[in-house]
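In listed order, ligands and their atoms are each counted from 1. Nothing fancy with the numbering, it's 1 onward along the sequence.
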Amino acid sequence: MKELGLSPVWVRRRGSPSAGQAEAGAVAIAPAAVVEGAEPAISSALATGSVPDADRGMQIQAMDWAQLKSSASACKACVLHKARKQAVFGVGDEKAEWLFVGEGPGAEEDERGEPFVGQAGKLLDNMLAAIALQRGNNVYIANVVKCRPPGNRTPEPGEAHACEPYLTRQIELIRPRLIVALGKVAAQSLLGIETTLASMRGRVHEYRGTPLIVTYHPAYLLRNLVDKSKSWEDLCFAVQTLQALKQRPAAPN
Ligand code: URA
Ligand code: SF4
């Protein structure tokens, strides 16, 4: 893909596209809602007494960056805490206009504590470079779940739901102009809809008032080379969308 300057790295690798869904929209975590969302996760969480209480969402909503990071690294609100080496909070410019949201940490991310540092991450960096962006500079990168799902399985809807207050608070603190959801899990979790990725592309959605567009997950692109050109279309669409948004005045604080 010449336009993206990605030819050296767009090679087929192992990795799996993910499918899954989560309820989004309901961010304040009521215990009943969580119990409904994730049977195995929550029954074991109940056993350990780590079910989020009704105040958890509100507490997280009031946190500053330092509190949020330390809360996530100590979090036991879903079973994913059990196998993690560390929570992978997010990385980048805390005042970024762009927020990219992936699914969840993999092995290398769990090891290093930073999102998208493995093969998919290299591709993400190249995707960013193709639209003149760089990790850490006007871009923030986060995941739907902060802890690595064992064996890189797709996060359960209940896990995504339990973790959502962290992402919601990150978004509130960053106040990005545009969110790019990478892949079906991120898109479905954030938008609360169960539909195909193809049908979510090419439109401007909204997550709690922030414009959001959807594209393929880089790990999926590594396996499905044929969709590279579509992801390039999505990135161009994202750039145009952001430019158009910048013609408008920013929302007041
Ligand atoms: N895949 C993701 O969705 N997130 C990461 O951080 C790494 C791989
Ligand atoms: Fe907590 Fe999120 Fe980790 Fe689950 S994935 S333990 S909700 S930080």
Side-chain angles (χ1 to χ4, degrees), residues 13-20 22 27 29 31 33-34 37-38 40-42 44-45 48 50-53 56-57 59-60 63 67-92 99-125 127-128 135 139-170 180-190 197 215-223:
R13 303 218 185 237
R14 279 194 303 136
S16 63
S18 36
V27 166
I29 303 282
V34 175
I42 295 304
S44 105
T48 60
S50 62
V51 168
D53 61 35
R56 177 172 169 260
Q59 284 167 359
I60 292 174
M63 288 179 183
Q67 291 166 331
L68 202 59
K69 286 175 197 171
S70 68
S71 169
S73 59
C75 179
K76 295 185 175 180
C78 82
V79 286
L80 296 182
H81 79 275
K82 289 192 177 175
R84 73 175 173 218
K85 287 197 171 135
Q86 57 189 317
V88 178
F89 179 73
V91 70
L99 171 65
F100 286 77
V101 180
E103 179 177 323
E108 290 188 62
E109 289 77 21
D110 182 54
E111 197 69 51
R112 288 178 46 189
E114 182 172 332
F116 283 102
V117 289
Q119 284 305 321
K122 285 186 190 141
L123 179 50
L124 178 60
D125 284 338
M127 291 164 74
L128 295 177
R135 181 180 291 244
V139 181
Y140 195 92
I141 303 170
N143 281 309
V144 166
V145 292
K146 310 305 187 203
C147 303
R148 181 191 180 203
N152 295 346
R153 66 163 170 77
T154 301
E156 298 287 338
E159 293 158 355
H161 190 65
C163 212
E164 191 179 5
Y166 290 117
L167 184 57
T168 304
R169 184 61 182 153
Q170 284 174 308
V180 179
L182 297 167
K184 195 167 164 183
V185 169
Q188 290 187 340
S189 298
L190 289 166
L197 189 116
T215 192
Y216 295 98
H217 192 288
Y220 169 85
L221 293 172
L222 289 170
R223 293 176 5 116

I need the [X] [atom1] to [Y] [atom2] distance, nearest 0.5 Å.
X	Y	atom1	atom2	answer
Lys146	Glu159	NZ	CD	14.0 Å
Leu182	Phe100	CG	CZ	6.5 Å
Cys147	Lys82	SG	NZ	13.0 Å

For this session: Tally every protein N/O/S atom whose distance to atom 3 (Fe) of ligand 2 is less than 2.8 Å; waters are neither shown nor counted.
Result: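 Those protein atoms number 1 in total.
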Problem set entry | Contact (N/O only, under 3.5 Å) between Glu109 and ligand 1 |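 So ligand 1 has no N or O lying under 3.5 Å from an N or O of Glu109.
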For this session: Give yes or no for whether the N/O distance cutoff of 3.5 Å, strictly under, is met between Phe116 and ligand 1.
Result: yes
For this session: Could you walk me through whether Lys122 and Glu108 pass salt bridge (charged side-chain N to carboxylate O under 4.0 Å, His left out), step by step?
Result: CA-CA 12 Å; Lys122 285 186 190 141; Glu108 290 188 62; over 6 Å; no
Problem set entry | Whether His217 lies under 4.0 Å from ligand 1, heavy atom | yes
Exercise. Which residue holds the protein heavy atom closest to atom 2 (C) of ligand 1, what is that atom called, and what is the gap in Å?
Worked result: Gly104 O, 3.1 Å
Problem set entry | For atom 4 (N) of ligand 1, closest protein heavy-atom neighbour |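 Looking only at protein heavy atoms, the one closest to atom 4 (N) of ligand 1 is Asn143 OD1, 2.8 Å.
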Just jot down the ligand 1 atoms closer than 4.0 angstrom to any heavy atom of [X], in number order.
X	result
Pro115	6 (O)
Gly102	3 (O)
Glu103	2 (C), 3 (O)

Exercise. Passes side-chain contact (heavy atoms from CB on, under 4.5 Å), Arg135 versus Val117? Steps please.
Worked result: CA-CA 11 Å; Arg135 181 180 291 244; Val117 289; 4.0 Å; yes
Problem set entry | Exam field: side chain Gln170 to backbone Phe89, donor-acceptor pair closer than 3.5 Å |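 Yes; judged by distance alone, with no hydrogens or angles, the pair exists.
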Exercise. Any donor-acceptor pair under 3.5 Å linking the side chain of Arg169 with the backbone of Leu68?
Worked result: no
For this session: Please lay out, stage by stage, how Leu123 and Phe116 fare under the test side-chain contact (heavy atoms from CB on, under 4.5 Å).
Result: CA-CA 9 Å; Leu123 179 50; Phe116 283 102; over 6 Å; no
Exercise. Are Cys75 and His81 close enough that some pair of their side-chain heavy atoms sits under 4.5 Å apart?
Worked result: no
Exercise. By salt bridge (charged side-chain N to carboxylate O under 4.0 Å, His left out), which residues pair with Glu111, not counting sequence neighbours?
Worked result: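 For Glu111 the salt bridge (charged side-chain N to carboxylate O under 4.0 Å, His left out) partners, ignoring immediate neighbours, are Lys85.
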